[in-house]
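These numbers come from a predicted model, not from an experiment. Start at 1 and go down the list; that is how both ligands and their atoms are numbered.
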Amino acid sequence: MRSLLPEPADPEATLEDVLAGYDYPRLPGGRWWLRANMVSSLDGAVTGPDGRSGSLSTPVDRQVFHHLRALADAVLVGAGTARDERYGPVKASDDVVAAREGRGQLPRATLVVVSRSLALDPSSSLFSGPDRVIVVTSRSASWQAVEQVGQVADVVRTGEEHVSLRETLGHLADRGLPRLLCEGGPSLLGDLVADRLVDELCWTIVPVLVGGSARRMAVGPDAEPLGFAASALALADDGTVLSRWRRS
Ligand SMILES: NC(=O)c1ccc[n+]([C@@H]2O[C@H](COP(=O)([O-])OP(=O)(O)OC[C@H]3O[C@@H](n4cnc5c(N)ncnc54)[C@H](OP(=O)(O)O)[C@@H]3O)[C@@H](O)[C@H]2O)c1
């Protein structure tokens with residue numbers, strides 16, 4: 001591993017050294033911090049040939065993924081990713097649970113799924129863990145669907161026709177979950193970009209070109225570009241690039 005940023009560059013850095021820089025900033029009361037974590041190929045694809053992101057990921061990327069979960073109060077994910085990637089409950093080792101409890105956090109990050117349609121199978125692995133999942137939808141969602149999903153999750157309704165993502169983040173902060181991690185996918189991230197809600201991006205670049213028709217990491221309504229500045233950059237021995245970008 002070589003750490004290039006923050007300076008001075010450290011050619012001897014270990015992955016642990018690099019991960020030590022990923023702590024969330026100190027947040028004043030009521031403020032949240034939304035970090036997105038995405039992996040892409042050199043040509044910007046967010047899925048491999050099998051249509052999932054796992055086939056793009058590298059061992060170093062997986063360690064970052066788990067470390068970011070260990071730090072977050074809540075993990076936000078679009079329903080498409082939860083379905084495609086067959087999301088299950090967030091897990092944490094005893095060490096992670098102890099570190100979280102030392103920081104005053106719940107033992108595991110709370111999973112938050114954003115869904116307009118509520119087309120979520122209550123018997124799926126998504127709802128099989130010990131922690132209650134939060135499902136966010138809009139006020140126009142059908143009562144039938146709200147009732148069905150409400151049997152296995154806490155359903156939060158924000159926005160009239162469309163989910164209000166700003167209200168969603170405020171709601172989570174009010175619930176004591178201000179350190180937020182968005183794991184995608186591209187549609188949810190595109191909406192968060194359009195609403196100017198992304199504070200930080202953790203972007204893993206894997207050294208492959210995949211071509212094909214895979215999407216890029218954020219797609220959605222046209223939006224004013226958001227400016228970011230690099231805060232960390234490291235090159236792993238296998239060519240994986242770990243980067244961290246903060247809203248400038
Ligand atoms: N490379 C990476 O780091 C990475 C990360 C995550 C995902 N992925 C890949 O991305 C693909 C999935 O892409 P996707 O765009 O379908 O993902 P997505 O954003 O996870 O899911 C889209 C769905 O999420 C819900 N949703 C998203 N934004 C919403 C909003 N503002 N309001 C209400 N509901 C909202 C809707 O669910 P309903 O349909 O239920 O209404 C929508 O159809 C998968 O192939 C996955 O492997 C890659």
Nearest non-hydrogen protein atom, atom 45 (O) of ligand 1: Gly51 O, 2.9 Å
Between CG on residue Leu242 and CG on residue Leu19, distance to nearest 0.5 Å: 7.5 Å
Test item: side-chain donor near acceptor, Ser115 and Thr137, under 3.5 Å: no
N or O contact, Ser40 vs ligand 1, cut-off under 3.5 Å: no
Nearest-neighbour protein heavy atom for atom 32 (N) of ligand 1, which is reported as residue plus atom name and distance: Arg116 NH2, 3.4 Å
Rounded distance (nearest 0.5 Å) linking atom CD of Gln105 with atom CZ of Arg179: 4.0 Å
Short side-chain donor-acceptor distance under 3.5 Å, Trp203 and Ser40: yes
Residue list, side chain to side chain contact (heavy atoms under 4.5 Å, CB included) with Ala20, at least two apart or on another chain: none
More than 12 heavy atoms from other groups under 6.0 Å of CD on Glu101: yes
Distance filter under 4.0 Å to Ser187 heavy atoms, resulting ligand 1 atoms: 14 (P), 15 (O), 19 (O), 22 (C)
Nearest non-hydrogen protein atom, atom 5 (C) of ligand 1: Glu183 O, 3.3 Å
Sidechain N-carboxylate O distance under 4.0 Å for Glu200, Arg247: no
Side chains of Ser55 and Asp50, donor plus acceptor under 3.5 Å: yes
Numbering as shown, the atoms of ligand 1 that approach Thr47 to under 4.0 Å (heavy-atom distance): 9 (C), 45 (O), 47 (O)
Under 3.5 Å: N/O of Leu56 near N/O of ligand 1: no
Modelled atom types, side-chain donor and acceptor of Glu85 and Ser53, under 3.5 Å: yes
Heteroatom distance test (Val163, ligand 1): nitrogen or oxygen, under 3.5 angstrom: no
Min N/O separation Leu165 to ligand 1 under 3.5 Å: no
Atom indices of ligand 1, in the order listed, that fall short of 4.0 Å to a heavy atom of Arg52: 47 (O)
Any N/O pair Gly185/ligand 1 closer than 3.5 Å: yes
Atom indices of ligand 1 within 4.0 angstrom of Asp191 heavy atoms, with elements: 28 (N), 29 (C), 30 (C), 31 (N)
Exceeds 12 heavy-atom contacts within 6.0 angstrom, atom CD of Glu7: no
Atoms of ligand 1 close to Met38 [distance to a heavy atom under 4.0 angstrom, numbered from 1]: 2 (C), 3 (O), 4 (C), 5 (C)
Heavy atoms of other groups near Asp94 CG, more than 12 under 6.0 Å: no
Contact check, His162 vs ligand 1, heavy-atom distance below 4.0 Å: no
Closest protein heavy atom to atom 48 (C) of ligand 1, given as residue, atom name and distance to 0.1 Å: Val46 O, 3.4 Å
Nearest-contact summary for atom 26 (N) of ligand 1 - protein heavy atom, Å: Val114 O, 3.7 Å
Shortest protein contact, atom 23 (C) of ligand 1 (heavy atom only): Gly80 N, 3.4 Å
Under-4.0 Å heavy-atom contact with ligand 1, by part of Glu85 that carries it: side chain
Proximal atoms of ligand 1 relative to Ser115 (non-hydrogen, under 4.0 Å): 34 (N), 37 (O), 38 (P), 40 (O), 41 (O)
Atom CZ of Arg139: over 12 foreign heavy atoms under 6.0 Å: yes
4.0 Å heavy-atom contact, Arg215 with ligand 1: yes
Any donor-acceptor N or O pair under 3.5 Å, side chains Arg62, His66: no
Distance-only donor-acceptor check, side chains Asp84 and Thr81, under 3.5 Å: no
Polar proximity ligand 1 side, Val39 side, N/O cut 3.5 Å exclusive: yes
Any side-chain donor near an acceptor of the partner, Asp10 and Ser3, under 3.5 Å: no
Closest protein heavy atom (residue, atom, distance) for atom 20 (O) of ligand 1: Thr81 OG1, 2.6 Å
Atoms in ligand 1 flagged as close to Ser53, the criterion being non-hydrogen separation under 4.0 Å: 1 (N), 2 (C), 4 (C), 47 (O), 48 (C)
Geometric N/O contact Arg83 with ligand 1, under 3.5 angstrom: yes
Verify atom 42 (C) of ligand 1: protein non-hydrogen atom under 4.0 angstrom away: no
Close N or O approach (Ala79, ligand 1; < 3.5 Å): yes
Atom 10 (O) of ligand 1: the protein heavy-atom neighbour that sits closest, reported with distance to 0.1 Å: Pro186 CD, 3.2 Å
Distance-only polar pair, side chains of Ser93 and Asp95, donor-acceptor under 3.5 Å: no
